[in-house]
Amino acid sequence: MIQYEKFQLENGLKVIVHKDKATPLACINILYNVGARDEDPEQTGFAHLFEHLMFGGSVNIPNYDEPLQMVGGENNAFTTNDITNYYLTLPVSNLETGFWLESDRMLSLAFSEKSLEVQRNVVIEEFKQRYLNQPYGDVWLLLRPMAYKVHSYKWDTIGKEISHIENAKIDDVKNFFKKFYCPNNAIMVVAGNVETSEVKRLAEKWFGPIPKGPDNKRNLQPEPEQTEARSLTVERDVPVDAIYKAYHMCSRYDKEYYAVDLISDILSRGNSSRMHNSLIKEKMLFSDISAYVLGDFDKGLFVISGKLTQGVTMEQADQAIDEELKRMITEPVAADELTKVKNKMEASHVFGEVDILNKATNLAVSELLGDAGMVNQEVEKYLAVTDKQIMEQASIIFRKENCSTLYYKSKK
């Protein structure tokens, strides 16, 4: 059970404090309620560009990393389609340095043409390296727009195309910052050997004076139900053929999410999972295969991806996957198999809670999803899933007309 206290500043910043006496470190995690889904369709990749810009220095602190490293701290960030998350860890005795650094970049990033140019080039290079010049790198650039026709999940966090980043103007970037990177659009979690009274004092001192930003009400168009099977075949310079199947599913908010997540575990978690046993070991159709959920905050995707063994056709691979999914719909999961995946889930959950950074991120995400206390109910929700709920969700999700398939062929 993760114990925590929370309070809110007048400018709307939510603060959660988790005390952990077992560590000499403190972690500050700031989650901004903005992701790639909040971008203008003609200006994509901005949330991810900001992840880079936020390390480019603020008005009073030209180099973010230097003061942090001087006090023995380290930091990083990540962007998804739903959120942008910044975190740092440092010795608890230097906690105030973390508050100073984070508050200054929330208050006033240093927007110069130079810093924009530098970070823009970094992102363009990343786009080319990771998405265009890496084997299978463009999968999500192909799969998302096939699965989504309306909702803004139809582009990846890197953006739709390089030109959107190349053409990013300083005013566009400033407007994006003013709209989303404000205290009332953020959740700060401070975890470690800290006292709530001290966190409150530092939060008031460093974040209290930052003015509130606009109230952002999301009004995203929901994705209509998919009514026909979609497919796309591409040829690329890759070592082996691969197949990617994306099925629409519920959102991370929905109570059904836990059953769906367990389906992915039954299918491909570990060497004793169904797909590993059947499709890799026995039938030798794949060299690797995995099933996973993206965990999106709006209605998301259940994805199956696999690399085919040499000589296996796409039709054989497709059919073999379909047979495994059919089993999920028609046969109840055996009690011991369900218990096994639940035990694995519980073990990884408990193991994950050892790390203060994990706890801080999970508290922030839970608060965004509705209440930080949800972090303590996750395991129960998984343990309560029944074989009947699993069959129900499998029959809703694994329908041919609900699937977008990418046939990714190796150039012969």
Side-chain angles (χ1 to χ4, degrees), residues 1-4 18 80 245-282 286 288-297 299-306 321 323-398:
M1 186 106 160
I2 300 177
Q3 303 289 342
Y4 64 91
H18 164 64
T80 72
K245 298 178 80 68
Y247 295 85
H248 290 278
M249 60 170 277
C250 63
S251 83
R252 183 71 184 78
Y253 285 91
D254 294 322
K255 61 182 189 303
E256 294 81 8
Y257 175 81
Y258 302 94
V260 182
D261 196 19
L262 284 180
I263 292 174
S264 72
D265 286 357
I266 291 165
L267 288 172
S268 83
R269 186 171 189 170
N271 291 346
S272 60
S273 62
R274 289 188 178 189
M275 283 181 159
H276 191 90
N277 267 334
S278 167
L279 306 185
I280 296 179
K281 280 191 201 159
E282 290 166 23
F286 291 86
D288 84 68
I289 189 160
S290 52
Y292 51 94
V293 300
L294 297 186
D296 295 311
F297 290 6
K299 289 195 184 305
L301 294 177
F302 187 109
V303 182
I304 293 166
S305 62
I321 291 171
E323 282 166 13
E324 285 304 321
L325 300 184
K326 212 164 272 168
R327 269 186 71 201
M328 296 290 329
I329 298 169
T330 55
E331 301 170 19
V333 181
D336 58 343
E337 188 180 14
L338 187 52
T339 303
K340 185 182 73 182
V341 293
K342 286 179 178 180
N343 288 346
K344 277 187 179 176
M345 173 281 308
E346 190 171 11
S348 63
H349 196 89
V350 169
F351 191 67
E353 283 186 0
V354 173
D355 184 61
I356 53 162
L357 192 53
N358 274 353
K359 286 190 278 192
T361 310
N362 292 341
L363 279 164
V365 170
S366 294
E367 181 65 26
L368 184 60
L369 287 169
D371 177 32
M374 285 163 60
V375 78
N376 293 319
Q377 297 152 18
E378 290 278 274
V379 171
E380 280 166 45
K381 287 176 179 171
Y382 280 108
L383 295 178
V385 171
T386 65
D387 58 349
K388 188 163 170 273
Q389 287 169 321
I390 283 177
M391 285 174 82
E392 239 166 58
Q393 285 307 305
S395 61
I396 290 168
I397 296 167
F398 303 134

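Quick note: numbers below take in every heavy atom, side chains included, and nothing from hydrogens, waters or symmetry partners.
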>> Restricting to side chain to side chain donor-acceptor pair (under 3.5 Å), what partner residues turn up for D296, sequence neighbours left out?
In response: none
> If every non-hydrogen atom of N271 is compared with every non-hydrogen atom of N277, which pair is closest and at what distance?
Replying inline: O-OD1, 3.8 Å
> NZ of K359 to CD of Q3: how many Å apart, nearest 0.5 Å?
Replying inline: 10.5 Å
> Ignoring hydrogens and geometry, is there a side-chain-to-backbone donor-acceptor pair from N376 to I2 under 3.5 Å?
Replying inline: yes
>> The criterion is side chain to side chain contact (heavy atoms under 4.5 Å, CB included); which residues satisfy it with S251, sequence neighbours excluded?
In response: Y253, D254
> Can you list the steps and then say if E256 with E392 is a side-chain contact (heavy atoms from CB on, under 4.5 Å)?
Replying inline: CA-CA 10 Å; E256 294 81 8; E392 239 166 58; over 6 Å; no
> Can you list the residues that meet the ring pair (Phe, Tyr, Trp, His ring centres under 6.0 Å) rule with H276, with sequence neighbours excluded?
Replying inline: none
> Distance from L363 atom CG to M374 atom CE, nearest 0.5 Å?
Replying inline: 11.5 Å
> How would you list all residue pairs meeting salt bridge (charged side-chain N to carboxylate O under 4.0 Å, His left out) that involve residues 360-380, not counting sequence neighbours?
Replying inline: K6-E367, K6-D371, K14-E367, R252-E378
>> Please list all pairs meeting salt bridge (charged side-chain N to carboxylate O under 4.0 Å, His left out) that have one or both residues in residues 323-335, counting only residues at least two apart or in different chains.
In response: K283-E323, E324-R327, R327-E331
> Taking the side chain from S264 and the backbone from Y292, do they hold a donor-acceptor pair closer than 3.5 Å?
Replying inline: no
>> For G352, is there any backbone N or O sitting under 3.5 Å from a side-chain donor or acceptor partner on N358?
In response: yes
> Checking side-chain contact (heavy atoms from CB on, under 4.5 Å) for the pair M345/L383: CA distance, chi angles, key distance, verdict?
Replying inline: CA-CA 9 Å; M345 173 281 308; L383 295 178; 4.2 Å; yes
> Can you name the nearest heavy-atom pair linking V260 to C250, along with the distance?
Replying inline: CG2-SG, 4.2 Å
> Are V341 and V333 close enough, and set up right, to give a side-chain contact (heavy atoms from CB on, under 4.5 Å), and what steps lead you there?
Replying inline: CA-CA 11 Å; V341 293; V333 181; over 6 Å; no
>> How long is the straight-line distance from CD1 of I390 back to CD1 of I266, given to the nearest 0.5 Å?
In response: 4.0 Å
> Taking only residues two or more places apart in sequence, or in another chain, which ones meet Q377 in a side chain to side chain donor-acceptor pair (under 3.5 Å)?
Replying inline: none
>> With a 4.5 Å cut-off on side-chain heavy atoms, are M275 and I280 touching?
In response: no
> Y247: what forms a ring pair (Phe, Tyr, Trp, His ring centres under 6.0 Å) with it, not counting sequence neighbours?
Replying inline: F398
>> Going by the rule side chain to side chain donor-acceptor pair (under 3.5 Å), which residues pair with Y382 if we only count those two or more places apart in sequence or in a different chain?
In response: D261
> Considering residues, nucleotides and ligands other than K281, do more than 12 of their heavy atoms fall under 6.0 Å from its NZ?
Replying inline: yes
>> Can you tell me how far apart CG (D265) and CG (L338) are? Round to the nearest 0.5 Å.
In response: 10.5 Å
>> Please find the pair of heavy atoms, one from I329 and one from M391, that lie closest to each other, and give the distance.
In response: O-CE, 3.2 Å
> Going through the distances and angles, do M328 and L267 end up as a side-chain contact (heavy atoms from CB on, under 4.5 Å)?
Replying inline: CA-CA 9 Å; M328 296 290 329; L267 288 172; 3.8 Å; yes
> Residues two or more places apart in sequence or in another chain: which of them pass side chain to side chain donor-acceptor pair (under 3.5 Å) with T361?
Replying inline: N29
>> Does any part of the side chain of V303, heavy atoms only, come nearer than 4.5 Å to the side chain of K245, both counted from C-beta?
In response: no
> What is the distance from atom OH of Y258 to atom NZ of K381, rounded to the nearest 0.5 Å?
Replying inline: 4.0 Å
> Which residue pairs pass the ring-ring contact (aromatic ring centres under 6.0 Å, His included) test when at least one of the two sits in residues 355-381, sequence neighbours left out?
Replying inline: none
>> Which heavy atom of S268 sits nearest to which heavy atom of A291, and what is that distance?
In response: OG-N, 2.8 Å
>> Within the structure provided, determine whether L294 and F302 are in side-chain contact (heavy-atom separation under 4.5 Å).
In response: no
> Taking Q389 for the side chain and T386 for the main chain, is one N or O donor matched with an acceptor at less than 3.5 Å?
Replying inline: yes
> Which residue pairs pass the side-chain hydrogen bond (donor to acceptor under 3.5 Å, both in side chains) test with at least one member in residues 332-343, sequence neighbours excluded?
Replying inline: S272-K340, R274-E337
> Which pairs pass ring-ring contact (aromatic ring centres under 6.0 Å, His included) with one or both residues in residues 328-354, sequence neighbours excluded?
Replying inline: none
> Is H248 reaching over with its side chain to a backbone N or O of K299, donor-acceptor style, under 3.5 angstrom?
Replying inline: no
